[in-house]
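Written out below as structure tokens is the structure these notes cover.
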Protein chains: 2
Amino acid sequence: MTSRKSETVPTKAKTGEPRRSRPVQVADAIKDWVVSQGLRKGARLPSETEMIARYARSKGTIREAMRILEAQGLIETRTGPGGGSFVGEVSVERARALLGNYFYFKNLSIRDIYQIRRALEPELVATLAGQLAEPALVELETLIDQYPEPAATPDEEREQHIASLKFHSRLADHADNELLGFLIGFMAQILSDLTVSRQLYSPPNVELWQRGRAYQMDLVRALRAGDGGLARRIMADHMETAQTLMEGQEEQVLTRFFAE
Amino acid sequence: MTSRKSETVPTKAKTGEPRRSRPVQVADAIKDWVVSQGLRKGARLPSETEMIARYARSKGTIREAMRILEAQGLIETRTGPGGGSFVGEVSVERARALLGNYFYFKNLSIRDIYQIRRALEPELVATLAGQLAEPALVELETLIDQYPEPAATPDEEREQHIASLKFHSRLADHADNELLGFLIGFMAQILSDLTVSRQLYSPPNVELWQRGRAYQMDLVRALRAGDGGLARRIMADHMETAQTLMEGQEEQVLTRFFAE
DNA sequence: TAAGATTTGTTCGTATGTATC
DNA sequence: GGATACATACGAACAAATCTT
């Protein structure tokens, strides 16, 4: 199993290929090794000094390789006795940030995002109907109650909109389908960031508030009653009016250049 | 503008926080700087030696920071005169791999993926109808023609399935909505990887072949005719039968642990 | 509390590789 | 080919964090 002595890190660069620096090569080799060993979350990787011996590279090179893996969320590192590097699970936050970077230059529009929300969110609530425990339903109602009155100022309106997006985000957290949950949470975050950074929704839009609140209350009712079809229809309507109300707003949606 | 002398890299670690190593801090600082300068793809970053002066850190630390940014696809680095680090656009491949890592331990099921394909792919073709130039349509037909006969062996069947997924992937490439296009391409890749790595679709499934081929030919016709409603219906049917045919198959879908 | 052991974190000096002119 | 301007890589020393006793 543990085949000691220097692993297969090409010493010479292949011709043609874009050329890969040695840290990258080492990082690739370590990844392959982790997969081949079937290591699971929390499993310990060889120590720095062992890596140096195993891959026959300097400490600096090994460390750069580890930083690469760490930046991707694949490993975590601790100092001290019992420390070292460990296989880590990629966090949602990091996954979102990494995906967000991809769209940094892509200039997504609000229309783009709503095209997908309209397709996915009704689907989500349809599968969620009757599946949520009472505490989860109560939490959703609490979020709705964070904006019992129409906003008086643009600032207040922003806060309300963010709370409303939080409602969708929490809903997504309960999805059995992890991919579906992730995507809805991702879009909620994009819209949330956008709301924070720009002067959207001014002047306060009373209609948006009224409709959004009504939809969300109806939705929770349908979820509690276990009526998936109804929940789906409510969300579809909700998305449609939300999109209409937002389309007058700014077009370009810049996702941020990251976060760790 | 270029405020020389050491930038704001915290010298002391904040209490409470999980503790960030200096390379990570430097990487964060550089990211912030790039954003604050509004640098665009291809813009040049300060040289290694200037970074050393600017952030008052050793070469090793700066290099680790650069590897972090590189691993996230945010910068590219070249050696030689005129070389250095440049702002880079995150490639689709990298974005897919990074997102794939997140789902590595998440055990997506085929059902999960199809739930989303069924929601998104009909939407895609509806917006694509009448929008594709003739060469693009011809290319799609070429992909369909890669499997004119039912597969004779499991190996052949696998190849056909991959070609069929390629059809969806190419379709996604033409989406105006970059988010929509990315997601459909991402799912096609997951399914493609799965098909390669496992023994799915054995014994050869003639029904899958017949139906899939017919749907795709009808679809291209509808796209050429510019009939979005029809295209949507065809894709919806296609997805539904594909899901039915695949649900008997293995349940767990492991996405790979990466690729650079 | 303090000392010691263990493991990663950081620095510096030097040498090598690579691309442009 | 040679000079130049960059990144790349190595190795040895020292610093900091954290666990154990």
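Note on naming: letters A, B, ... go to the chains in the order of the sequence lines (proteins, then strands), and numbering restarts at 1 for each one.
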Mind calculating the distance between [atom1] ([X]) and [atom2] ([N]) to the nearest angstrom?
X       : N      : atom1 : atom2 : value
A:Met51 : D:dA9  : CE    : C1'   : 18 Å
A:Glu64 : C:dT10 : CD    : C1'   : 13 Å
A:Gln25 : C:dG17 : CD    : P     : 15 Å
B:Met66 : D:dA9  : CE    : P     : 14 Å
B:Phe86 : D:dA7  : CZ    : C1'   : 11 Å
A:Arg22 : D:dA7  : CZ    : P     : 18 Å
B:Ile62 : C:dT11 : CD1   : P     : 8 Å
A:Arg63 : D:dG11 : CZ    : P     : 16 Å

Exercise for the section: Could you verify whether a donor N or O on one side chain and an acceptor N or O on the other, from B:Thr142 and B:Asp145, lie under 3.5 Å apart? Expected result: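 Note: B:Thr142 and B:Asp145 side chains miss the donor-acceptor criterion.
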Pairwise N/O distances under 3.5 Å, protein to nucleotides 13-16 of chain C:
{"residue": "C:dT14", "atom": "O4", "partner": "B:Lys59", "partner atom": "NZ", "Å": "2.7"}

Problem - Side-chain donor/acceptor of A:Asn177 to backbone N/O of B:Asp112, under 3.5 Å - result: yes
Contacts of [X] that satisfy side-chain contact (heavy atoms from CB on, under 4.5 Å) - sequence neighbours left out:
X        : value
A:Ile75  : A:Leu45, A:Met66, A:Leu69, A:Glu70, A:Thr77, A:Ser85
B:Gln160 : B:Tyr147, B:Ala151, B:Trp209
B:Ala175 : B:Leu124
B:Ser169 : B:Arg96, B:Ala188

Problem - Which nucleotide in D:dC10, C:dT11, C:dG9 has an atom nearest any side-chain atom of A:Thr77 - result: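 Nearest to the side chain of A:Thr77 among the choices is C:dG9.
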Practice task
Measure the acute angle between the ring planes of B:Phe182 and A:Phe103, then classify it against the limits of 30° and 60° as parallel, tilted or perpendicular.
Solution key: perpendicular
Handout entry: Ion pair check, B:Lys59 and B:Glu48, cut-off under 4.0 Å
Key =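 Salt bridge: no.
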Handout entry: Short side-chain N/O contact to D:dC10 OP1/OP2 from A:Thr61, under 4.0 Å
Key =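 True: A:Thr61 side-chain N/O within range (under 4.0 Å) of D:dC10 OP1/OP2.
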Look for any protein N or O under 3.5 Å of an N or O in nucleotides 1-6 of chain D and output each such pair with its distance, or none.
none

Problem - Along DNA chain D (nearest heavy atom to each residue), the more 5'-positioned of B:Ser85 and A:Gly60 - result: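 Going by which nucleotide is closer to the 5' end, it is B:Ser85.
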Fill in the blank from the handout: Partner of A:Met51 under side chain to side chain contact (heavy atoms under 4.5 Å, CB included), picked from A:Ile62, A:Val26, A:Thr61, is A:Ile62
